[in-house]
Colleague: 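My questions will all concern the structure given below.
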Amino acid sequence: MSLFNHVEFDHHEQVCYVSDVHSGLKAIIAIHNSQLGPALGGTRMYPYANDEDALTDVLRLSRGMTYKSAMARLPLGGGKSVIIGDPRRQKTPDLLRAFGRYLERLGGNYIAAEDSGTSVPDMKIIAEETRFVTGLHDKQTTDGQTRSGDPSPATALGCFLGIKAAVKHRLERDQLDGLTVGIQGLGSVGFRVAQMLHEAGANLVVTDINDEVLTRAQKELGARIVALDDIYQQPMDIFSPCALGATINPANMAQLTASIIAGAANNQLDTPETGHLLHKKDICYAPDYVINAGGIIDVCYEQLGAYDSQQVNRHIEGIYDTLLELFERSRREDIATSELADTVARERLNRGETVEALRKIA
Ligand code: NAD
């Protein structure tokens with residue numbers, strides 16, 4: 001397995017394979033780019049079929065973090081880590097502590113946070129061995145409540161605002177009432193997005209592999225449940241992928257009735273070419289790493305010791321404007337939003353363009 005010739009390599013600065021015999025830890029830590037600051041990105045635990053799949057995933061996700069932070073003007077680089085294993089069976093405190101010791105050895109070049117298959121309590125165990133983990137602390141929200149370090153509520157808020165931006169651009173509407181949104185995945189982010197959409201008067205069509213969340217969405221939000229493969233063909237205005245990556249491909253795109261795709265999942269498009277096809281079909285696609293940046297914005301403020309929920313919310317609200325600008329420029333210049341987002345992110349990266357208030361404390 002070649003790293004430097006890997007199709008997803010994209011000039012990564014550092015890729016570490018780590019293992020620990022005692023705990024059974026097998027992990028890969030990838031640092032894509034640290035031009036703007038230390039690489040920050042989640043630790044995913046997943047039972048990858050082989051090392052090659054784990055490497056491909058970590059490289060794609062880590063590059064995505066560079067673009068996500070650059071686009072959100074954060075003083076952070078891009079990185080990600082994957083632990084190979086089934087989180088339900090193989091995640092032990094020993095394994096998490098061993099992982100923490102490796103993070104500590106990297107000396108802060110990479111900072112971990114929770115991701116699929118890991119949680120805030122897991123991060124707290126990792127933090128017993130390293131300073132370089134974030135998303136741990138309880139936070140005061142703007143309504144005076146306290147919530148855990150979990151970034152999902154922030155991601156959900158950004159995603160909801162991103163949906164509104166897409167509706168403003170594509171459907172020329174400020175309100176969501178009466179629109180139908182198809183949501184794929186009602187987890188930590190998807191369920192919250194569903195709640196906000198319901199409150200805004202939207203109708204919901206939902207699918208998930210977990211019957212419990214489906215029943216809850218039906219009862220609490222009046223959502224209509226459909227089978228996994230049936231979601232694409234449902235009559236809907238907006239499709240919101242909030243489960244897995246690579247769920248948008250030419251085959252299911254052909255079934256879509258929605259004129260907007262706006263959801264929280266990472267790496268939604270199977271290939272870059274799909275982004276061009278969406279543009280040709282006049283489907284307004286909100287690039288994943290732009291619309292789902294709420295979580296990284298949230299943990300960035302925490303990591304810098306500058307958490308202020310009003311300031312964080314204002315920063316997340318910027319996702320609406322960033323997307324609106326992208327959509328308008330995409331139309332004006334006849335370029336797919338996916339391609340344009342990469343261009344703008346690279347421009348911001350090269351100019352070292354970060355938010356003034358954060359640059360001062362970073
Ligand atoms: P989660 O694990 O809490 O939720 C995922 C949901 O998708 C679960 O309810 C799961 O049952 C469901 N699911 C799994 N396979 C499915 C399938 N084939 N079809 C339909 N549903 C399926 O994860 P999350 O934290 O809500 O994140 C959702 C997505 O958003 C992920 O792609 C994640 O990488 C991305 N994301 C999350 C955050 C965050 O702050 N949590 C930030 C940025 C991006």
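Model, not experiment: these values are computed from the prediction. Whatever order the structure lists them in is the order used to number ligands and atoms, beginning at 1.
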Colleague: Ser188 versus ligand 1: do any nitrogen or oxygen atoms come within less than 3.5 Å of each other?
Modeller: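 Checking ligand 1 against Ser188, an N or O pair does fall under 3.5 Å apart.
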Colleague: Give a yes/no on ligand 1: does Pro151 have at least one heavy atom closer than 4.0 angstrom to it?
Modeller: yes
Colleague: When you check the side-chain N and O atoms of Tyr46 and Asp57, is any donor under 3.5 Å from an acceptor?
Modeller: no
Colleague: Please say whether Asn210 places an N or O atom under 3.5 Å from an N or O atom belonging to ligand 1.
Modeller: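 So ligand 1 has no N or O lying under 3.5 Å from an N or O of Asn210.
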Colleague: For ligand 1, which atoms, with element, lie under 4.0 Å from some heavy atom of Gly185?
Modeller: 7 (O), 21 (N)
Colleague: Can you find an N/O atom of Thr155 closer than 3.5 Å to an N/O atom of ligand 1?
Modeller: yes
Colleague: His12 vs His32 aromatic rings, parallel, tilted or perpendicular, using cut-offs 30° and 60°?
Modeller: perpendicular
Colleague: Would you mind telling me if ligand 1 is within reach of the side chain of Asp208, the backbone, both or neither, using heavy atoms under 4.0 Å?
Modeller: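 Near ligand 1, Asp208 shows its backbone as well as its side chain.
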Colleague: Which atoms of ligand 1 are found less than 4.0 Å from any heavy atom of Leu228?
Modeller: 19 (N), 20 (C)
Colleague: Under 4.0 Å from a heavy atom of Leu186: give me the atoms of ligand 1 that qualify, with their elements.
Modeller: 9 (O)
Colleague: Give me the nearest non-hydrogen protein atom to atom 28 (C) of ligand 1 as residue plus atom name, then the distance to 0.1 Å.
Modeller: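 Minimum-distance protein heavy atom for atom 28 (C) of ligand 1 reads Cys242 O, 3.2 Å.
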Colleague: Please check whether Ala243 reaches ligand 1 - meaning an N/O of the residue sits under 3.5 Å from an N/O of the ligand, judged on distance alone.
Modeller: yes
Colleague: Please step through salt bridge (charged side-chain N to carboxylate O under 4.0 Å, His left out) for the pair Arg63 and Glu8, ending with a clear verdict.
Modeller: CA-CA 9 Å; Arg63 174 184 176 276; Glu8 304 290 349; over 6 Å; no
Colleague: If we ignore angles and hydrogens, is there a donor and acceptor under 3.5 Å between the side chains of Thr118 and Asp115?
Modeller: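 Side-chain D/A pair, Thr118 to Asp115: absent.
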Colleague: Below 3.5 Å, N or O to N or O, backbone or side chain included: is there any such pair between Asn266 and ligand 1?
Modeller: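 Right, the criterion is met.
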Colleague: Could you tell me whether the side chain of Thr274 and the main chain of Leu269 form a donor-acceptor pair under 3.5 Å?
Modeller: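 Here the side-chain-to-backbone pair does not exist.
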Colleague: Starting from atom 4 (O) of ligand 1, find the nearest protein heavy-atom neighbour and note its residue, name and distance.
Modeller: Gly187 CA, 3.2 Å
Colleague: Pairs of nitrogen or oxygen atoms closer than 3.5 Å, one from Leu244 and one from ligand 1: do any exist?
Modeller: no
Colleague: Can a non-hydrogen atom of Glu212 be found less than 4.0 Å from any atom of ligand 1?
Modeller: no
Colleague: Please list the nearest protein heavy atom to atom 36 (N) of ligand 1 with its residue and the distance rounded to 0.1 Å.
Modeller: Ala264 O, 3.6 Å
Colleague: What atoms of ligand 1 come within less than 4.0 Å of a heavy atom belonging to Lys68?
Modeller: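 Listed by number with element, the hits are 43 (C).
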Colleague: Would Glu129 and Tyr102 count as having a side-chain donor-acceptor pair, cut-off 3.5 Å?
Modeller: no
Colleague: Checking a contact table here: which protein heavy atom is nearest atom 14 (C) of ligand 1, and how many Å away?
Modeller: Ile209 CD1, 3.5 Å
Colleague: Can you tell me which residue and heavy atom of the protein come closest to atom 37 (C) of ligand 1, and the distance to 0.1 Å?
Modeller: Val189 CG2, 3.9 Å
